[in-house]
Peer 1: 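Take this structure first; my questions come after.
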Amino acid sequence: MSLILYNTLTRRKELFTPLDPGRVTMYVCGPTVYNYAHIGNARPAVVFDVLFRLLKARYPQVLYARNTTDVDDKINAAAKAQGVPIRTITDKFTAIYRADMSALGVLPPTLEPSATEHIPQMIAMIEVLMAKGHAYAAEGHVMFHVPSFTGYGQLSGRNRDDMIAGARVEVAPFKKDPADFVLWKPSTPDLPGWDSPWGRGRPGWHIECSAMIEAHLGPTIDIHGGGHDLIFPHHENELAQGTCAHGGKTYAQVWMHNGFLTMDKEKMSKSLGNIVTVHELLKNAPGEALRWALLGAHYRQPLDWSDETVAQAKATLDRAYRALGEVWDIEAKSNTAPTALTEALEDDLNTPKAMAEIAALVKALNSAKDADEKARLKGELLAAGTLLGVLQQDPEKWLAKDLDIDEAWIIQMIEARASARKARDFKEADRIRGEIAAAGIEIKDNPDGTTTWAAK
RNA sequence: GGCCGAGUGGCAGAGUGGCCAUGCAGCGGAUUGCAAAUCCGCGUACGUCGGUUCGAUUCCGGCCUCGGCCUCCA
């Protein structure tokens, strides 16, 4: 079996061949920590988490870095508005981001480098770029000179003329070329800044990722991921810097970009204001349901988000957990996901197809008669869940979730109902069931005469 | 304007040149005291107009509609 990934750079699916199979490297652009992450921000974290899990199952060592941008104009603005140091803002939202992602079943990456911890590396890289004639200093800024890199534009598929023609930004007078972008910019005394050969300043956005990749993963990485909107200018610029700083070496072998979440077909974004934060969503739905919903569409496709999306995901997971609950006391006999599921994921992370395989497993488990088959199917289902990062909880806990349950009371009610049923007083039995139902508990009469319960 | 993507059943959403996605919801049946759960079954789904083909939702072309990037943005 082989792993196939779609590469934005070549615009086709390619066989994934790591440079060093003993050390696979992946870098994904993480959050700028100045606010709560919305569910759209969570998509790359979840998508690349699935890829991380898949890679870990195939290769002995996977180095996965996801950065935190903790120096940025928006952070400065937030800090100023609240009258606190930027660290107060960035520490708070870094912690919240990690907690949110954890609730979504996202494994911690191998590395979580932050920009402010890598200023010397950024300065060093800028100096290399200047020494090689790819960058120049002007009025306290250091600019990357785009015409110095002939490959510029290959990732986003646009040529310089297009960009200049469509440019909506005003061209700063000190730019040698309208397409040149900033590597270092001056800071005013009231803003965060670091000493540099070009005066006190702060890094441009793009250099941050390139410097951290170089520092932790090396000159060439296997996979670089992020949201679709980062292709231009962010990744195009990263590619230019990284390639030029390393004398033309490949910067990243595979570029992967996830599509957007939409609300009513329109991109979810902070500027449009049509966002819903993970923090808010978690108040009404388990993180695993949000994760399932996020994986419900192929990662490169848009995904329309609504309350209905979450409700459907929750209902589907409920069903799977009910099936697991039925066999919870049987010891699993397999730890391998079905081939069809693995193959779906290995075909450019086809999570919807993988989820269809999970549904097939659930159905088979519900139909299984003998204990051996149940044990095997349970193992396969759990293994499949591990790959996708779902179905790892105790079914009883999942089904009882979010309710303040007085178990003794329920058992008492069930017993009372059992006596009523025995006496064929069904009216009373139904009345009791109604009372239990009113408390949010659903009861179920099993073929063997027992009665079990679960939260609705 | 340039570049890119998408239009699939009530909803979400895969995929394929001829046969089945899958889940949620709905309907019918089995089961049940009744339910719930579960199982079985059902619904003339592939924007539009042409072309290629024995056959197209799937390939090609036109058209319509929608979205994304080109500015911070996952």
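Predicted, not measured: the structure shown is a model, and the values here were computed from it. Residue numbers begin at 1 in each chain, while the letters A, B, ... track the order of the sequences.
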Peer 1: Of the listed nucleotides (B:rG23, B:rA74, B:rC72), which one gets closest to any side-chain atom of A:K74?
Peer 2: B:rC72

Peer 1: Enumerate the residue pairs fulfilling side-chain hydrogen bond (donor to acceptor under 3.5 Å, both in side chains) with a member in residues 423-437 of chain A, sequence neighbours excluded, ordered by first and then second residue.
Peer 2: A:E428-A:R431, A:D430-A:R433, A:R431-A:E435

Peer 1: Could I get a table of every N or O pair under 3.5 Å where one atom is in the protein and the other is in nucleotides 39-43 of chain B?
Peer 2:
residue : atom : partner : partner atom : Å
B:rC39  : OP1  : A:R319  : NH2          : 3.4
B:rC39  : OP1  : A:N366  : ND2          : 3.4
B:rC39  : OP2  : A:R319  : NH1          : 3.1

Peer 1: Can you list the stems that include RNA chain B, where a stem is three or more consecutive Watson-Crick or G-U pairs with distances under 3.5 Å?
Peer 2: B:1-7 with B:64-70, B:10-12 with B:22-24, B:26-30 with B:38-42, B:47-51 with B:59-63

Peer 1: Main chain of A:G389, side chain of A:R291: is a donor-acceptor contact present, judged purely on distance under 3.5 Å?
Peer 2: yes

Peer 1: In whole Å, what is the span from the CZ atom of A:R291 to the P atom of B:rG23?
Peer 2: 21 Å

Peer 1: Could you give the distance separating B:rC46 and B:rU57 at their P atoms, to the nearest angstrom?
Peer 2: 8 Å

Peer 1: Under 4.0 Å, counting only non-hydrogen atoms across every strand here, what does A:K270 touch: a base, just sugar-phosphate, or nothing?
Peer 2: sugar-phosphate

Peer 1: If I take atom CD1 in residue A:I231 and atom P in nucleotide B:rC72, what distance separates them, rounded to the nearest angstrom?
Peer 2: 15 Å

Peer 1: When you compare B:rA12 with B:rG7, how far apart are their P atoms, in angstrom units rounded to a whole number?
Peer 2: 13 Å

Peer 1: If I take atom CD in residue A:Q154 and atom P in nucleotide B:rC69, what distance separates them, rounded to the nearest angstrom?
Peer 2: 22 Å

Peer 1: When every nucleotide of nucleotides 8-17 of chain B is labelled 5' to 3' by its protein contacts under 4.0 Å (heavy atoms), B for base, S for sugar-phosphate only, - for none, what sequence of letters results?
Peer 2: ---BSSSS--

Peer 1: Please list, in numerical order, the residues of residues 96-109 of chain A that have a heavy atom closer than 4.0 Å to any atom of RNA chain B.
Peer 2: none

Peer 1: Atom CD of A:E428 and atom C1' of B:rC34: how far apart are they, to the nearest Å?
Peer 2: 15 Å

Peer 1: Holding to side-chain contact (heavy atoms from CB on, under 4.5 Å), I want the full list of residues that pass it with A:P31, two or more places apart in sequence or in another chain.
Peer 2: A:V33, A:Y97

Peer 1: Does A:F232 have A:R158 sitting over its ring (NZ/CZ under 6.0 Å from centre, angle to axis within 45°)?
Peer 2: yes

Peer 1: Roughly how far apart, to the nearest Å, are B:rA30 and B:rG9 at atom P?
Peer 2: 32 Å

Peer 1: With P as the reference atom in both, quote the distance from B:rG41 to B:rC24 in angstrom, rounded to an integer.
Peer 2: 15 Å

Peer 1: Can you tell me the distance, in whole Å, between the CE atom of A:M263 and the C1' atom of B:rG67?
Peer 2: 16 Å

Peer 1: Give the rounded distance in Å between these two atoms: CZ of A:R158 and C1' of B:rG68.
Peer 2: 10 Å

Peer 1: Please list each protein N or O that sits under 3.5 Å from an N or O in nucleotides 30-33 of chain B, with the distance.
Peer 2:
residue : atom : partner : partner atom : Å
B:rG33  : O6   : A:R417  : NH2          : 3.3
B:rG33  : O6   : A:R421  : NE           : 3.2
B:rG33  : N1   : A:D430  : OD1          : 3.2
B:rG33  : N2   : A:D430  : OD1          : 3.4
B:rG33  : N2   : A:D430  : OD2          : 2.9

Peer 1: Taking the nucleotide of RNA chain B with the nearest heavy atom to each, does A:E357 or A:G227 sit closer to the 5' end?
Peer 2: A:E357

Peer 1: Quantified in whole Å, what is the C1' atom distance between nucleotide B:rA45 and nucleotide B:rU16?
Peer 2: 14 Å

Peer 1: What pairs with A:D347 under salt bridge (charged side-chain N to carboxylate O under 4.0 Å, His left out), at least two apart in sequence or on another chain?
Peer 2: A:K13

Peer 1: Can the positive tip of A:R66 be found less than 6.0 Å from the middle of the six-membered ring of A:F48, inside 45° of the ring normal?
Peer 2: no

Peer 1: Checking A:F93 now: which residues fulfil ring pair (Phe, Tyr, Trp, His ring centres under 6.0 Å) with it, not counting sequence neighbours?
Peer 2: A:Y36

Peer 1: Roughly how many Å apart are B:rU53 and B:rC40, using the P atom of each and rounding to a whole number?
Peer 2: 43 Å

Peer 1: Would A:Y152 and A:N237 satisfy side-chain hydrogen bond (donor to acceptor under 3.5 Å, both in side chains), going step by step from the backbone distance to the final call?
Peer 2: CA-CA 8 Å; A:Y152 196 82; A:N237 292 354; 2.4 Å; yes

Peer 1: Who passes ring pair (Phe, Tyr, Trp, His ring centres under 6.0 Å) against A:H298, sequence neighbours left out?
Peer 2: none

Peer 1: A:F181 CZ to B:rC72 C1': how many Å, rounded?
Peer 2: 16 Å

Peer 1: Please give the distance between the P atoms of B:rC63 and B:rG1 as a whole number of Å.
Peer 2: 13 Å

Peer 1: Side chain of A:W205: nearest nucleotide among B:rC70, B:rA36, B:rC72?
Peer 2: B:rC72

Peer 1: Can you say whether the rings of A:H257 and A:H228 are parallel (under 30°), tilted (30 to 60°) or perpendicular (over 60°)?
Peer 2: perpendicular

Peer 1: The side chain of A:R322 lies closest to which of these nucleotides: B:rU38, B:rA36, B:rG68?
Peer 2: B:rU38

Peer 1: I'd like the C1' distance from B:rC73 over to B:rG15, given in whole Å.
Peer 2: 32 Å

Peer 1: Would you mind reading off the distance between A:R300 atom CZ and B:rG5 atom C1', rounded to a whole angstrom?
Peer 2: 10 Å

Peer 1: By nearest heavy atom, map A:T262 and A:D72 onto RNA chain B; which one lands nearer the 5' end?
Peer 2: A:T262

Peer 1: Checking A:S187 now: which residues fulfil side-chain hydrogen bond (donor to acceptor under 3.5 Å, both in side chains) with it, not counting sequence neighbours?
Peer 2: A:R202

Peer 1: Can you tell whether the side chains of A:K314 and A:D318 come within less than 4.0 Å, N to carboxylate O?
Peer 2: yes

Peer 1: Is there a side-chain hydrogen bond (donor to acceptor under 3.5 Å, both in side chains) between A:N67 and A:T69? Walk through the geometry before answering.
Peer 2: CA-CA 6 Å; A:N67 75 300; A:T69 297; 3.2 Å; yes

Peer 1: May I have the list of side-chain donor-acceptor pairs in residues 349-366 of chain A shorter than 3.5 Å, sequence neighbours left out?
Peer 2:
residue : atom : partner : partner atom : Å
A:N350  : OD1  : A:K353  : N            : 3.2
A:T351  : OG1  : A:L295  : O            : 2.7
A:N366  : ND2  : A:V362  : O            : 3.4

Peer 1: Take A:F16 and A:E346 through the test side-chain contact (heavy atoms from CB on, under 4.5 Å) and record every step on the way to the result.
Peer 2: CA-CA 10 Å; A:F16 176 64; A:E346 286 174 341; over 6 Å; no

Peer 1: With a sphere of 6.0 Å drawn around NZ of A:K80, does it hold more than 12 non-hydrogen atoms of other residues, nucleotides or ligands?
Peer 2: no

Peer 1: Under 4.0 angstrom, heavy atoms only, what part of the nucleic acid is A:L230 near: base, sugar-phosphate, or nothing?
Peer 2: sugar-phosphate

Peer 1: Can a donor-acceptor pair be found between the side chains of A:Y64 and A:E112 at a distance below 3.5 Å?
Peer 2: no

Peer 1: Can A:Y321 and A:E288 be said to form a side-chain hydrogen bond (donor to acceptor under 3.5 Å, both in side chains), step by step?
Peer 2: CA-CA 12 Å; A:Y321 271 116; A:E288 191 170 331; 2.9 Å; yes

